[in-house]
Amino acid sequence: MKLRHTIADRVAGFVRDWSLPRQLAGEDPTREAAQSTMSRQLRPRLEEADTIGTSICPYCAVGCAQLVYAKAGNVIHIEGDPRSPINEGTLCPKGAATFGWLTSPQRLTKVRYRAPYSESWEERPLGWAMDRIAYLVKRTRDETFVSNLPDGTPVNHTLAIGSLGGATLDNEENYLIKKLFGAGLGMVWIENQARV
Amino acid sequence: MTVHPRVLDYPQSFLPGVIPDEAELTAGQRVGAGRSYGFFTDTTLCIGCKACEVACKEWNALPADDLGLRGTSYDNTGDLSATTWRHVHFIEHIAENGGRATTMPPFQSNWLMMSDVCKHCSPAPCLEACPTGAIFRTEFDTVVVQQDICNGCGYCVPACPFGVVDVSLEDGKAHKCTLCYDRLKGGLEPACAKSCPTDSIQFGELGELHDRAHQRVEVLHAKGVENAYLYGAPGTPGATGGLQQLNAFFLLTAPPETYNLPRAPSRPAERVGPSLAAGLATIAGLAFASLAMFAAGRAD
Amino acid sequence: MNAPALLPERATDRQILTYYGLPAVKPSLWGGLVSGYIFIAGVGGSAQIIATAADFARDPRLAPVIRQGRYIALGAAILGAPLLIIDLHTPQRWYNMLRICRRTSPMSIGTWVLMSFGLSSFAVAALQYVSGRLRRPSRTMQTTMKLLEVPAALTGMAMSTYTGALLSATSTPLWAAAPCQIAALFGASAMASGTAALALAGQCRGASSEAGRALDRIAFLASAVEVVLMLSLRRRLYEKGVAEALGDRGSGLAYDFGAVMLGAGVPMLHHGRRILRPNRARRPSMMVSLAVLAGGFLLRHILLSAGNDSARRPNDYFRFAGGPRQ
Amino acid sequence: MGSNMAENHPIAFRFALQAKERGATLIHVDPRFTRTSALCDIYAPLRPGSDIAFLGGIINYILEHDLWFKEYALAFTNLSTIIDERFQDASELDGFFSGWDEESRSYKYDSWQYQGEVVPASLAEHYVNTTESFADKTKRMEKGPPPRDPTLQHPHCVYQILRRHYAAYTPEMVERTTGCPREVFVKIAEALARNSGRERTGTICYAVGWTHHTTGVQMIRAAAMIQGLLGNVGRPGGGILALRGHASIQGSTDIPTLYNMLPTYLPQPNAFKPHKTLKDYLQHERTPTGWWHNFPKYAVSLLKAWYGDGARADKEFGYGWLPRIVGDHSQLPMTLAMRDGVIRGMFMLGQNPAVGGHNAGLVQRGLAELDWLVVRDMTETETASFWYAGRPVRDGEIHPRDIRTEVFLMPASLAAEKAGSVTNTHRLLQWHDKVVSGPGDSRSETWFIFHLGRRLKQLYSASKNPKDAGLLALTWDYPTEGEEEEPSADSVLKEMNGYTWPERRQIESFQQLKDDGTTACGGWLYCGVYPNEGDNRARARHPDGPEGPGTHLGWAWAWPANRRNMYNRASADEQGRPWSERKRLMSWDPARDEWVGPDVVDFEPKKPPGYQPDWGENPTGMEALGGDCPFIMIADGKASLFTPSGLKDAPLPAHYEPVESPIKNPFYGRQSSPVAKVWNRPDNRLHEPADPRFPYALTTYRLTEHHSGGIPTRTVPVTAELQPEAFAEISPELAEQLGIRNLDWVTVATLRGEVEVKALVTERVRPFRLDGETVHEVGLVWHFGWKGFAQGDIANILSAVVGDPNTSIHEGKAFTCSLRRGRREAAR
């Protein structure tokens with residue numbers, strides 16, 4: 001509904017939704033006579049969604065299912081999935097705020113970089129950051145890799161690189177972290193919130 | 001863990017569209033115009049999680065009103081307002097005669113919680129006060145403020161016997177819970193009722209809700225919760241003084257004032273007649289008296 | 001099925017009877033603009049009534065009263081509408097007031113009353129003005145004025161008192177507790193202010209002494225009724241247990257001294273004395289008329305702000321809404 | 001107990017309330033009266049850290065009043081098993097168990113074993129810490145059944161040991177230690193016992209209220225013993241329900257980004273254990289009896305999945321490339337390693353240790369020692385901004401100019417912005433679709449790790465150095481989608497499910513895994529989630545209708561093999577008949593000669609209940625377990641009321657005070673757990689027991705409205721406004737004593753640091769009467785920080801780096817503090 005600005009619009013809108021004549025014609029002034037065109041044509045905004053996917057609430061481990069409504073690549077609403085036997089369409093305050101989390105004004109969109117000893121952030125392209133991180137990982141690993149202990153026991157690890165994170169991540173993400181960091185680079189400091 | 005049979009018709013992970021009549025899956029009934037709908041809020045099931053407050057704000061895109069820590073138990077929301085259409089009350093009655101309760105009467109806790117909302121009264125004082133017809137009774141017998149009509153006169157604010165509706169100073173219009181009027185049009189259950197984890201907030205047709213509520217009170221009385229009572233159903237506290245019933249009614253276990261609810265609210269419109277009559281009578285009397293005085297003045 | 005008695009009360013548990021002392025209802029958003037409008041509507045309405053009454057008395061010496069009354073009424077109507085529109089929070093949609101007529105809403109009734117009063121007062125005043133310019137006013141003009149002045153007076157009565165119904169048709173404890181008294185009080189106060197306005201106009205524009213005496217008598221009667229109604233309103237509020245808002249220092253004193261004494265008591269005595277000693281024939285003092293007008297506005301403003309304050313007191317509202325007396 | 005379900009798992013509490021409607025009794029035992037307590041029938045106050053006294057009391061009560069479920073306990077638990085005669089319990093050694101080695105400050109398990117038999121642990125670390133080498137001793141497990149005395153008269157049978165050990169846990173002692181009134185404790189013990197048996201079952205739900213202790217594992221053990229005695233395991237409405245916290249914390253333990261395990265509970269090779277070669281590793285970690293006998297198939301299949309063709313049979317399938325751990329590399333020692341400069345580079349993948357890490361001040365100082373730090377999250381977290389807004393910087397201890405850490409803050413995608421599966425607390429793998437893309441440069445972790453891996457492989461491509469051979473051999477050929485080149489999560493799940501090699505045909509179940517390199521499987525427990533091409537069971541959305549069995553096998557997929565109730569063979573008696581019609585689940589159908597029921601049986605489907613192993617044949621693996629052994633993961637197939645091996649602190653739970661406690665241990669001379677992981681160093685100093693400087697019992701916890709470290713909800717306006725500021729909950733009595741009014745600023749202090757919050761004076765917190773002495777409690781909410789819309793001081797500034805011996809989980813639920821009115825001096 002375009003907001004009525006011009007005088008002509010206002011007059012036309014007023015006449016179209018004028019209740020007095022309808023009231024005099026016998027319509028109930030508390031119901032039909034008072035209903036405006038906008039109210040008559042009102043529809044839930046979910047019907048504008050072009051994609052509806054099923055997601056799992058990112059918050060706690062109960063694992064409630066959610067329906068994600070998106071329009072033109074943007075999420076327009078998230079609410080409980082009535083098909084799930086776990087939550088039967090209900091959500092707790094955090095689950096109900098999932099839409100608010102995805103659209104939080106504090107979300108990051110650009111990579112930020114803080115150079116050593118610097119006192120401020122700088123914005124950097126994603127590709128540059130990935131290359132720089134790969135370089136740093138290789139440098140630190142090469143400088144600190146230990147193949148065998150002094151007594152000859154094979155350890156094949158580096159104690160200089162650590163990784164924290166995974167309880168909020170998908171199984172696929174955790175799998176690749178353990179595979180690359182553990183089996184690939186020989187890191188042992190790999191932990192997540194399971195112990196927090 | 002029981003799911004509605006129709007759920008089996010939607011096995012895909014990406015759904016083709018909004019599930020038609022989703023309210024049937026979540027509240028067990030289809031929403032149709034011409035019938036009257038409301039909420040039955042059973043406070044003995046409320047766990048104070050505020051899912052209703054969040055679901056309401058998310059659906060209606062209401063801004064957060066950062067009020068800070070209020071120190072009133074876990075209630076930092078304070079009251080219903082133009083930007084808060086659901087408000088969970090927290091009342092602590094833990095200590096009894098010095099000690100601390102450990103074994104509690106069933107279904108009634110020492111920490112009362114209740115999700116407050118617009119009562120969608122019928123008749124509705126805000127609707128009866130509204131001079132522009134912005135507030136009207138929908139085809140679902142709910143009360144809605146039409147944002148394209150309201151000019152912010154603010155008469156509904158003092159009219160409401162429960163202090164629900166409020167005028168927002170940002171957009172200059174009155175706002176309150178619409179019982180998800182747009183969702184009902186799409187066959188969806190209101191966001192708060194759908195989200196409520198323990199079904200403390202139950203959406204449904206009023207007749208059915210009243211039966212369910214009365215039955216629930218009997219069950220509770222049998223289980224020893226003697227002071228469980230309905231508030232807002234026909235013939236109960238809250239539906240008094242010309243207010244036949246509150247479409248959003250409650251099951252409470254403490255005096256209404258504890259939840260900031262009036263015991264016997266009254267319908268303001270009933271005061272219009274006597275007030276006008278008394279006013280007109282007085283001024284008419286004075287008018288004729290002045291005529292008489294003028295006439296007397298002419299005589300001498 | 002009634003609400004249970006109170007839970008066993010403990011001294012420490014203050015919130016037993018309220019929810020942490022938070023308001024149970026919301027105060028109105030109205031302030032000076034609305035109290036100003038109520039006062040002006042009262043003055044305009046009663047000015048029209050007095051003018052019409054004077055016209056029906058068919059006493060040529062009252063002509064200035066009739067003329068000034070009609071102009072005051074028109075002035076009030078013209079001044080009243082913008083006050084209300086400015087008070088709207090979405091003023092650009094003021095015309096939606098004319099969208100519907102709701103019998104249950106004093107504001108909707110008031111809108112149509114203001115419309116009709118405005119139109120009729122304009123017509124009467126216009127005719128008055130035109131006939132004043134013509135040396136021989138035509139008969140039809142006289143009769144139409146006579147015809148239009150009745151609806152103007154009737155709507156004038158409504159103008160003076162519908163605002164009382166508007167306040168009491170809310171859930172604000174102070175207003176809702178005394179629907180009849182407030183409306184009647186507004187009516188009486190309106191008449192007093194109306195006569196005071198005419199007396200003032202008379203002094204400025206010149207008026208016959210007979211008119212002055214008649215106005216004195218009306219002013220005395222109106223002020224007397226006003227005092228009686230004010231005191232009965234105060235008693236009614238105590239009865240209903242909602243007088244706290246009017247009891248505490250601020251608005252209580254203003255009500256007692258400002259509105260009651262200044263606005264009505266003193267003028268009543270003054271007019272009484274003038275009636276008893278007609279021969280002194282001094283002109284009615286400007287100060288007293290101004291006092292009446294000031295008192296009239298003060299009365300409305302105090303009732304409005306005290307009402308808003310009473311809405312913020314949960315105990316007041318709970319007592320009004322059938323809660324436990326304590 | 002040990003959890004706050006209504007607040008932290010509200011949707012789970014939906015069904016607890018539905019059970020209450022059908023007549024169930026809800027009991028909540030907690031240091032505070034919370035929203036869960038408000039909805040329960042019985043609430044019992046409990047001093048933080050005294051849970052084992054309470055649970056021990058219940059065990060005592062059950063045994064002394066003979067309320068335990070005899071047929072179940074005798075058949076399915078090791079109650080009648082006879083233990084080595086050298087065993088002495090804590091009551092005899094004043095708080096120690098036999099086998100204590102003062103010099104190495106650890107226990108030797110010799111005296112804990114079954115008489116004449118060594119029992120391998122069923123945990124991921126099967127290695128048994130006995131003096132003799134493990135390998136040859138275990139062979140005897142196949143020789144014959146463990147020694148048992150069904151009449152329970154033998155002085156060394158588990159039953160008698162339990163009676164002796166828990167004799168001291170009388171209701172009076174429970175009241176003295178926990179502060180819970182005696183009659184309330186008895187009422188609870190009665191309710192639990194009366195609601196167990198053939199016709200009725202009871203469940204115990206716990207969460208971090210139990211795990212956040214240095215005796216956390218033993219608390220859960222005590223609950224397991226109660227449920228074993230009452231016959232509540234493997235039966236509908238029974239069991240011990242772990243209410244896990246994060247969306248996929250179960251998944252992150254199955255596919256472990258944890259130091260001590262390889263995917264699906266295989267032990268990480270350890271430099272100080274006989275794990276030098278693959279042969280040693282397989283031989284030592286393989287248990288002679290029980291399901292873990294299949295260990296080699298799973299280990300080899302994992303190596304095949306990781307290293308593909310590089311995993312050649314003649315090269316130990318690439319086992320040599322796996323890193324060995326050299327001790328405890330959990331987050332607690334990681335904090336100290338960072339602080340001491342051992343760690344030079346850190347990845348923070350959606351974790352916020354500046355808030356969640358214990359001794360948070362030390363964590364932030366540690367971050368300042370790093371060379372480089374990569375933080376991937378949806379916003380600028382406290383961890384990412386430590387260098388200019390951290391507590392040490394704001395207090396002037398260090399200045400950004402002195403911090404050399406190079407920090408990368410990279411935006412991360414959230415659930416609906418990436419495809420993938422999460423494993424919930426009911427072991428359900430549930431798929432979430434990618435509906436939209438994340439804003440701007442936001443990417444998923446699969447994207448980040450995949451592309452980082454590709455770059456590293458490229459950087460190392462020319463290297464001939466053997467240390468890089470593992471990385472180069474890694475199978476890293478996941479198909480990518482879209483111009484962002486997002487790797488297909490589907491293909492990763494297919495790898496976890498496992499496929500034949502080299503045809504890569506999906507495998508239906510872990511029974512088909514081989515140890516000869518012809519099968520590759522990233523996680524044997526997850527085998528079956530992707531049985532054939534295009535059939536992603538995690539994405540199945542077919543719940544049962546109302547008339548269905550109610551186990552919803554069509555909704556998503558539960559590991560192992562979609563079994564929804566673990567150990568559900570125990571829902572039938574020894575002959576395979578359901579214990580009762582009301583509590584029927586699985587039963588033996590002689591006609592069809594297999595186990596039948598609404599759930600997938602957690603047992604060998606064709607093994608009859610009457611089957612007994614033929615001991616003459618030295619049976620191994622599952623042949624060694626009889627038809628009456630529902631606990632197939634445990635070496636003797638019986639529920640371990642007495643744990644002979646696997647736990648570092650005790651075979652039986654005994655009450656120890658938390659490392660920092662306001663009172664002396666009323667039960668034993670030994671104050672706290674002798675094997676608790678304690679790092680006493682200048683920047684992690686600990687309080688003395690009953691330390692007068694820190695008299696109050698402090699417990700930390702979360703609220704419904706916020707999640708974990710707080711970032712996921714403090715950056716969301718609609719949840720931030722619900723709980724906008726940090727606060728501490730104190731009782732009116734304590735408030736009066738210190739002159740604190742509601743909403744006053746207060747400062748909570750420990751030797752690690754000070755925190756200023758507002759006080760919420762509430763009767764929901766109560767003083768505890770412990771043997772005449774009053775101990776006050778302070779409750780502190782821990783998920784606030786300086787970022788987001790809702791802010792507050794970080795509670796973990798106060799906590800210490802101490803840990804449970806078995807799990808290295810911190811003691812955030814019970815330590816001590818001081819409290820005073822007013823704000824911190826430093827702030828003024």
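Residue numbers begin at 1 in each chain, while the letters A, B, ... track the order of the sequences.
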Closest-packed option against chain B by number of heavy-atom pairs under 4.5 Å, given [options]:
{"options": "C/Ala57, C/Ser46, C/Gly307, C/Ala158", "answer": "C/Ala57"}
{"options": "C/Gly164, C/Ala54, C/Ala190, C/Gly110", "answer": "C/Ala54"}
{"options": "C/Thr111, C/Thr52, C/Ile50", "answer": "C/Ile50"}
{"options": "C/Gly45, C/Ser108, C/Ala222, C/Pro179", "answer": "C/Pro179"}
{"options": "C/Ile218, C/Leu84, C/Asn308, C/Leu229", "answer": "C/Ile218"}
{"options": "C/Gly187, C/Ala214, C/Ala165", "answer": "C/Ala165"}

Kindly give the heavy-atom pair with the smallest separation between [X] and [Y], and that separation in Å.
{"X": "B/Pro158", "Y": "C/Ser28", "answer": "CG-CB, 3.6 Å"}
{"X": "B/Ala287", "Y": "C/Met157", "answer": "CB-CE, 3.9 Å"}
{"X": "B/Val272", "Y": "C/Ala169", "answer": "CG2-CB, 3.6 Å"}

request  = Counting only heavy atoms closer than 4.5 Å, note whether C/Leu166 contacts chain B via side chain, backbone, both or neither.
outcome  =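 Looking at C/Leu166, backbone and side chain both touch chain B.
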query = Heavy-atom distance under 4.5 Å to chain B: side chain of C/Leu88, backbone, both or neither?
reply =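 Answer is both: backbone and side chain atoms of C/Leu88 are under 4.5 Å from chain B.
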Is there a side-chain contact between [X] and [Y], using heavy atoms and a 4.5 Å cut-off?
{"X": "B/Arg70", "Y": "C/Leu22", "answer": "yes"}
{"X": "B/Thr132", "Y": "C/Met97", "answer": "yes"}
{"X": "C/Phe56", "Y": "B/Phe288", "answer": "no"}
{"X": "C/Val225", "Y": "B/Thr282", "answer": "yes"}
{"X": "B/Cys130", "Y": "C/Ser105", "answer": "no"}
{"X": "B/Tyr155", "Y": "C/Leu29", "answer": "no"}
{"X": "C/Tyr95", "Y": "B/Asn151", "answer": "no"}
{"X": "C/Ile49", "Y": "B/Leu286", "answer": "no"}

Separation of [Y] [atom2] from [X] [atom1] (nearest 0.5 Å):
{"X": "B/Phe294", "Y": "C/Arg217", "atom1": "CZ", "atom2": "CZ", "value": "9.0 Å"}
{"X": "B/Arg271", "Y": "C/Thr170", "atom1": "CZ", "atom2": "OG1", "value": "6.5 Å"}
{"X": "C/Asp216", "Y": "B/Met293", "atom1": "CG", "atom2": "CE", "value": "10.5 Å"}
{"X": "B/Thr258", "Y": "C/Tyr20", "atom1": "OG1", "atom2": "OH", "value": "11.0 Å"}

N/O donor-acceptor pair under 3.5 Å between [X] side chain and [Y] backbone:
{"X": "C/Thr161", "Y": "B/Gly279", "result": "no"}
{"X": "C/Arg93", "Y": "B/Cys150", "result": "yes"}
{"X": "C/Tyr317", "Y": "B/Pro161", "result": "yes"}
{"X": "C/Lys26", "Y": "B/Cys160", "result": "no"}
{"X": "B/Asn260", "Y": "C/Pro23", "result": "yes"}
{"X": "C/Asn96", "Y": "B/Ile149", "result": "yes"}
{"X": "B/Ser275", "Y": "C/Cys180", "result": "no"}

Could you tell me which portion of [X] (side chain, backbone, both or neither) has an atom closer than 4.5 angstrom to a non-hydrogen atom of chain C?
{"X": "B/Cys153", "result": "both"}
{"X": "B/Thr240", "result": "neither"}
{"X": "B/Phe162", "result": "backbone"}
{"X": "B/Pro125", "result": "neither"}
{"X": "B/Ala174", "result": "neither"}
{"X": "B/Leu127", "result": "both"}

query = C/Tyr19 vs B/His89 aromatic rings, parallel, tilted or perpendicular, using cut-offs 30° and 60°?
reply =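 If you compare the ring of C/Tyr19 with that of B/His89, the planes turn out tilted.
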message = Are more than 12 heavy atoms, taken from residues, nucleotides or ligands other than C/Trp94, located less than 6.0 Å from that residue's CH2 atom?
response =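 Counting other residues, nucleotides and ligands, CH2 of C/Trp94 stays at 12 neighbours or fewer.
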